[in-house]
Amino acid sequence: MTKWAIVADLGRCVGCQTCTTACRHANATPPGVQYRKVLDMEVGTFPDVRRVFVPVGCMHCDEPPCRDVCPTTATTKRADGMVMIDYDICIGCGYCIVACPYQARYKVSKPTFAFKDQETQNERTRFDERLLGVAQKCTFCVDRVDYGLANGLTPGVAPEATPACVNSCLSKALTFGDTDNPDSNVSKLLKRYKSFRMHEELGTGPNIHYLWETEDE
Amino acid sequence: MSEEFEDAPAMRHQGLSPWLQTAWDLRAAGNFIGGGSGTGLLIIASLGAFDGLYSRVLLIAGLALVGLGLFSVFLEIGRPLRALNVLLGAKRSWMTREAMVAAVLFPLGAAALIWPDLTKLVWIPAAAYLYCQARILEAAKGIPTWRSPLILPLTIASGLAEGAGILLLLGTLALEGGAPEWVAGTLVATIAARIFVWMFYRRRMVGGEAPVEAAAVLIRFSMPFTLGGNVIPIAFLVLAGIQPDIRAAALAAAGLAAMAGGWAMKVVIVTKAAHNQGFAINHSPARGGGESGPGFKPGWREVPKDKK
Ligand code: SF4
Ligand code: SF4
């Protein structure tokens, strides 16, 4: 089987938000909607304080509570682990938004643009009426992944088949790949370095893994 | 989605700590209020039918409350024209199951208006509906105060207490000879159950199962709720027992207070103590040649896990 996941190296992420920007460009998300964002955490107390940048977004959970609550079957999980929303079925009840423990879902009812009512060229080109009044979130750039697979490319390796955020990361903090394949880029990273997942105690099985100790032992 | 969110969507994503969800507002709370009170009333009225209680007023009031609850959710959905899609998700979603039970409850309730004997069956879909409501909240895993297993008995006990309260109120206002004697006893029992579960629920939330801010909301609400929604109804019942000349008014007041207490509790849980999970890390990474460090879970009481 295949299970797509992102590995985020917390030691590498510099909090530049390039992935956030790449995502916003790729999806033309309206103001306030960020499928990908990078949290800026200050951990500890003076003088032992450290700054941590934590990329978050939809975790494409193994057991997604958003899917379990959806009364319309608009939210589904593909065989390759991607959690998707069918915008033509969703009624925008918002139940998935309160069910997601990662705050990954959004609902916007009216068209809004970066400069109020004046859309940019990108926003004009990518505007999709179907997203109004329904739930939306990160798709792991499913179109790129599917395009790559259809053309014999390896997602996570070939840029054309890789999510925009991962492609854009200038410090190589983000890696996309198949955790079910023991030889994949992500599996190798997870084998070699220590990692954790966010809110794992909730049993959701999130598929963004955070590397926290990447120095060789 | 609240208007407030639509006007300033960026604001809510700046923090790391849990923030108050805005996806479900008073309209969603309205479903739990109408559905809980309406089914509570229908269950008690239906069981009362075995004791000879039959009142179209009670049936209509119960169904109307459930209907109003459903209508208030309808007002909240983003694509109302597709509302019937809500019936597609029966395999997993308690919201679908609630809608399906409603499709049995309404025709059966309406039929009982014509054939009184059917009243004895109404409690079945009404109880199923109330159970679905409780499961809807429990399945919302992103909101710690909702996903508690105690939300199940709390929602059910409150629905029954509200229903008994409304029956007492309507009994005074609209039933000849008032509500039957046993309704006051039912109210005492359901209020006792509700306050008992509430104490455990509150303690667990404050003890670390909810974000600090959500727990603070529950702490602030606990005293007014305990007194206003639970102790005062009992006091009115006692008064009704010892002062026959104001009996009717005291029973109605007891019912009203029990109902209002449940409604307030739902407004608070759904719209005020509804902080989401927030963000957390189990470890902070080493930078350069330094050591890795402790985790971080802003907005929660529990201490983050230190480095292994
Ligand atoms: S992160 Fe949230 S939206 Fe994404 S799959 Fe998990 S529960 Fe669903
Ligand atoms: S908002 Fe849409 S995707 Fe989310 S639970 Fe409701 S119908 Fe399903």
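Heavy-atom basis, side chains included; hydrogens, waters and symmetry copies ignored. Letters A, B, ... are given to chains in the order of the sequence lines, protein chains preceding strands, and every chain is numbered from 1.
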> What option among Leu87(B), Thr96(B), Val86(B) has the most heavy-atom pairs under 4.5 Å with chain A?
Replying inline: Val86(B)
>> At a heavy-atom distance under 4.5 Å, which candidate from Cys90(A), Ala135(A), Gly44(A) has the highest pair count against chain B?
In response: Cys90(A)
> Got more than 12 heavy atoms from elsewhere within 6.0 Å of NZ, Lys77(A)?
Replying inline: yes
> Which bit of Cys93(A) comes within less than 4.5 Å of chain B, counting heavy atoms only: side chain, backbone, both or neither?
Replying inline: both
> Is the number of heavy atoms from other residues, nucleotides or ligands under 6.0 Å of Lys172(A) NZ greater than 12?
Replying inline: no
>> Is it the case that the side chain of Asn85(B) and the backbone of Thr72(A) share a donor-acceptor pair, with hydrogens and angles ignored and the cut-off at 3.5 Å?
In response: no
> Is it true that atom CZ of Arg203(B) has more than 12 heavy atoms of other residues, nucleotides or ligands lying nearer than 6.0 Å?
Replying inline: no
> When heavy-atom pairs shorter than 4.5 Å are enumerated against chain B, which of Asp68(A), Ile91(A), Leu10(A), Asp9(A) gives the highest number?
Replying inline: Ile91(A)
> What is the distance from atom CD of Glu213(A) to atom OG of Ser284(B), rounded to the nearest 0.5 Å?
Replying inline: 10.0 Å
> Hey, which of Thr214(A), Val54(A), Leu211(A), Val52(A) is the one that makes side chain to side chain contact (heavy atoms under 4.5 Å, CB included) with Pro285(B)?
Replying inline: Val52(A)
>> So which atom in Gly94(A) and which in Ala23(B) form the shortest heavy-atom distance, rounded to 0.1 Å?
In response: O-CB, 4.1 Å
>> Counting only heavy atoms from other residues, nucleotides and ligands, does the tally under 6.0 Å from CD of Glu213(B) exceed 12?
In response: no
>> Could you measure the distance from the NZ atom of Lys194(A) to the OG atom of Ser292(B)? Nearest 0.5 Å is fine.
In response: 6.5 Å
> What distance do Cys66(A) atom SG and Lys141(B) atom NZ have between them, rounded to the nearest 0.5 Å?
Replying inline: 13.0 Å
>> Within the 4.5 Å heavy-atom criterion, are Arg147(B) and Leu202(A) side-chain neighbours or not?
In response: yes
>> Would you call the rings of His283(B) and Phe196(A) parallel, tilted or perpendicular, taking 30° and 60° as the class edges?
In response: tilted
>> Tell me the closest heavy-atom pair linking Arg50(A) and Glu291(B), and the distance in Å.
In response: NH1-O, 2.5 Å
> Relative to chain B, which segment of Asp48(A) carries a heavy atom at a distance below 4.5 Å: side chain, backbone, both, or neither?
Replying inline: neither
>> Heavy-atom cut-off 4.5 Å, strictly under: side chain, backbone, both or neither for Glu200(A) against chain B?
In response: neither
>> If I compare all heavy atoms of Gln21(B) with all of Val98(A), which pair ends up nearest, and what's the gap?
In response: OE1-CG1, 3.6 Å
> Would you find more than 12 non-hydrogen atoms of other residues, nucleotides or ligands less than 6.0 Å from Glu201(A) atom CD?
Replying inline: yes
>> Taking side chain as everything from C-beta outward and backbone as N, CA, C, O, which of these in Tyr87(A) sits under 4.5 Å from a heavy atom of chain B? Side chain, backbone, both or neither.
In response: backbone
> Is chain A contacted by the side chain of Arg97(B), its backbone, both, or neither, given a heavy-atom distance below 4.5 Å?
Replying inline: neither
> So do the side chains of Arg79(B) and Leu132(A) get within less than 4.5 Å of each other, counting heavy atoms only?
Replying inline: yes
> Taking every heavy-atom pair that is under 4.5 Å apart, which of Thr73(A), Asp40(A), Val56(A), Val43(A) has the most such pairs with chain B?
Replying inline: Val43(A)
> How far apart are the closest heavy atoms of Ile77(B) and Lys107(A), and which atoms are they?
Replying inline: C-NZ, 4.4 Å
> Given a strict heavy-atom distance threshold of 4.5 Å, which part of Ala139(B) is in contact with chain A: side chain, backbone, both, or neither?
Replying inline: both
> For chain A, which of Pro80(B), Gly89(B), Ser93(B), Ala274(B) has the most heavy-atom pairs under 4.5 Å?
Replying inline: Ser93(B)
> Considering residues, nucleotides and ligands other than Phe200(B), do more than 12 of their heavy atoms fall under 6.0 Å from its CZ?
Replying inline: no
> Should Arg82(B) and Val134(A) count as side-chain neighbours, where that means a heavy-atom distance under 4.5 Å?
Replying inline: yes
> If you look at every heavy atom in Gln103(A) and Gln277(B), which pair is closest and at what distance?
Replying inline: OE1-N, 3.4 Å
>> To the closest 0.5 Å, what do you measure between OH (Tyr95(A)) and CD1 (Ile136(B))?
In response: 5.5 Å
> Are any non-hydrogen side-chain atoms of Ile281(B) and Leu39(A) less than 4.5 angstrom apart?
Replying inline: no
